[in-house]
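Report on one structure; see the data block that follows.
Counting convention: from 1, in listed order, for ligands and their atoms alike.
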Amino acid sequence: MNHKVADLKLADAGRLRIEWAESRMPVLMALREKGRREQPLKGMRIAGCLHVTKETAVLVRTLIAAGAEVSWSGCNPLSTNDEVAAALAAEGISVYAWHGLSVEEFYWCIDRTLDFKPTLTLDDGADLIFQVHKNHQQLAAQVIGGTEETTTGVQRLRAMAGDGKLLYPVYAVNDSETKWDFDNVYGTGQSSLDGILRATSVLLAGKTVVVAGYGHCGRGVAMRAAGMGASVIATEIRPTQALKAVLEGLRVLPMDEAARLGDIFVTATGMKDILVGRHFDVMKDGAIICNTGHYDCEINIGDLEQRAKSKREIRQSNEEYLLKDGRRVYLLAKGRLINLAAAEGHPSEVMDMSFANQFLALCELAKNGRKLEKQVYALPPEQDQELARLKLTTMGLSIDALSAEQQAYLSDYSAGT
Ligand SMILES: NC(=O)c1ccc[n+]([C@@H]2O[C@H](COP(=O)([O-])OP(=O)(O)OC[C@H]3O[C@@H](n4cnc5c(N)ncnc54)[C@H](O)[C@@H]3O)[C@@H](O)[C@H]2O)c1
């Protein structure tokens with residue numbers, strides 16, 4: 001058997017979800033048709049480790065249409081959509097993923113995707129590529145290259161490349177403008193609130209929302225929470241980001257102060273220990289805490305457990321911790337990515353561009369990857385312009401172009417006031 005999923009009977013429901021996503025992802029669908037004709041991935045075996053959502057299914061089908069063999073696992077224990085996983089398995093696609101798997105099962109699934117000895121790898125958070133480097137180094141020689149979807153994964157791979165430890169080249173898909181400035185901002189902004197609302201159904205208007213980290217994701221969350229009538233506080237460590245938050249109308253405070261004021265906390269830093277014991281000690285009764293960064297280390301759950309008298313699941317993805325002094329703190333989605341664990345991840349429209357970048361990066365690796373060094377590479381900026389233009393076209397929008405005179409003016413230094 002080339003799959004392990006929760007329940008194959010969910011396949012029909014999964015197919016409908018994927019069909020819906022396909023209707024919202026015109027750029028990737030256009031690349032699929034081109035790929036079907038030109039077969040740029042023919043002969044490639046792609047092992048992927050990325051959230052099994054309906055949008056990922058559209059990517060997987062596109063890779064196969066372009067000639068690749070694919071084997072897939074989810075990149076987070078709580079992010080797999082079981083209906084989608086069942087639909088892929090029912091299509092004969094090799095997929096090892098189910099919602100709620102243990103950490104041991106998580107790595108077992110990755111190992112199964114490596115059984116077919118990939119020539120390309122695709123990561124979201126670098127768990128698969130680390131597994132190759134740690135436990136399956138013999139596979140690395142035949143891997144032409146890999147791609148990485150998210151900020152945290154790219155940071156770690158850059159660190160590895162810096163230490164001379166990276167065994168094959170990687171494209172940092174995250175760092176493309178059409179990914180980082182859209183998916184992380186608008187995708188995370190909307191879908192994190194979606195997750196919070198599904199897990200709590202609270203009224204956001206009038207609440208104080210504390211967003212830790214005013215980077216791409218944090219800014220998206222802050223913008224959308226403010227749009228729903230929340231008063232937003234940002235915490236930061238970088239002065240420039242903090243200044244941007246202030247000038248965009250937010251309050252900026254250290255977490256030690258913000259911890260007393262927040263009704264809802266969202267961590268979005270990619271850093272560990274953002275909310276720790278001393279913060280739980282001063283939070284309001286009823287405070288809601290969640291994370292949208294890649295790993296579940298931003299909220300120190302051990303500290304929370306230590307302070308708790310008891311805990312119970314009060315709603316799906318929502319655990320009430322009753323603290324020893326009688327206050328209650330609500331932890332959503334066990335501190336894992338709130339948007340994927342409690343909702344459906346980013347909307348298809350924004351994943352359209354992220355996954356178009358993934359697809360083009362893999363095609364480029366298949367063609368020219370053997371010429372690359374064992375480094376982390378950015379995708380060409382022209383690709384962003386092409387993809388954005390295509391996206392605008394599919395939205396029925398057109399833009400201006402420079403006239404010949406304007407073009408010349410760009411390089412003219414003879415004229416002034
Ligand atoms: N939920 C999702 O679907 C999703 C989507 C994309 C990215 N991510 C993940 O979200 C995280 C953030 O990604 P990003 O693209 O916004 O990164 P980013 O680098 O743009 O932003 C992170 C921000 O956090 C700040 N920061 C770091 N440590 C901090 C601390 N101790 N206190 C306060 N602020 C701190 C940094 O200064 C930076 O401004 C990463 O882990 C990334 O992988 C999640």
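Proximity of Trp180 to ligand 1, defined as any heavy-atom pair under 4.0 Å, is confined to the side chain (atoms from C-beta onward). Only the side chain of His346 comes within 4.0 Å of ligand 1, counting heavy atoms alone; its backbone N, CA, C and O stay farther away. Contacts of Met271 with ligand 1, taken as heavy-atom pairs under 4.0 Å, involve the side chain alone. Contacts between Thr152 and ligand 1, counted as non-hydrogen atom pairs separated by less than 4.0 Å, involve both the backbone and the side chain. Within the 4.0 Å heavy-atom criterion, both parts of Thr292, backbone and side chain, lie near ligand 1. Heavy atoms of Asn174 found under 4.0 angstrom from ligand 1: none, in either backbone or side chain.
Scanning all heavy atoms of the two residues, the minimum distance from Val52 to Trp72 falls at CG2-CD1, 3.9 Å. When all heavy atoms are compared, the tightest approach of Arg32 to Ala65 is CG-CB, 3.7 Å. Taking every heavy atom of both residues into account, Gly293 and Leu337 meet most closely at O-CD2, 3.1 Å. Considering all non-hydrogen atoms of both residues, Thr150 and His294 come closest at CG2-ND1, 3.8 Å.
For atom 12 (C) of ligand 1, the choice among Ala234, Ala268, Ser192, Gly215 with the nearest heavy atom turns out to be Ala268. With atom 26 (N) of ligand 1 as the reference point, the heavy atom nearest to it among Thr151, Ile237, Val211, Asn184 is part of Ile237.
For the atom pair Thr292 OG1 and Ile196 CD1, the distance stands at 8.0 Å (nearest 0.5 Å). With rounding to the nearest 0.5 Å, the separation of CG in Leu128 from NE2 in His133 is 11.0 Å. To the nearest 0.5 Å, atom CD1 of residue Ile129 and atom OG1 of residue Thr121 are 4.5 Å apart.
The shortest N or O to N or O distance between Glu236 and ligand 1 is under 3.5 Å.
For atom 10 (O) of ligand 1, the closest heavy atom belonging to the protein is Gly293 CA, 3.5 Å. In terms of protein heavy atoms, atom 16 (O) of ligand 1 is closest to Cys217 N, 2.8 Å. Counting protein heavy atoms only, atom 20 (O) of ligand 1 is closest to His216 ND1, 2.6 Å. Here the protein heavy atom with the shortest distance to atom 9 (C) of ligand 1 is His294 N, 3.6 Å. For atom 5 (C) of ligand 1, the closest non-hydrogen atom on the protein side is Thr188 OG1, 3.3 Å. Protein heavy atom closest to atom 31 (N) of ligand 1, with residue, atom name and distance, is Ile274 CD1, 3.3 Å. Closest to atom 3 (O) of ligand 1 among all protein heavy atoms lies Asn339 ND2, 2.8 Å.
For ligand 1 and Gln241, the ligand atoms under 4.0 Å from any heavy atom of the residue are 39 (O). Which parts of ligand 1 touch Thr235 is read off a 4.0 Å heavy-atom cut-off, strictly below it: atoms 33 (C), 34 (N). The ligand atoms of ligand 1 that sit less than 4.0 angstrom from a heavy atom of Thr150 are 6 (C), 7 (C), 8 (N), 9 (C), 42 (C), 43 (O).
By the 30° and 60° cut-offs, the orientation of the rings of Trp108 relative to Tyr96 is perpendicular.
Around CD of Gln137, the count of heavy atoms belonging to other residues, nucleotides or ligands within 6.0 Å exceeds 12. The number of heavy-atom neighbours closer than 6.0 Å to CD of Glu22, taken from other residues, nucleotides and ligands shown, is above 12. At most 12 heavy atoms of other shown residues, nucleotides or ligands fall within 6.0 angstrom of atom CE in Met271.
The existence of a salt bridge linking Lys179 and Asp175 is excluded, since no basic side-chain nitrogen approaches an acidic carboxylate oxygen closer than 4.0 Å.
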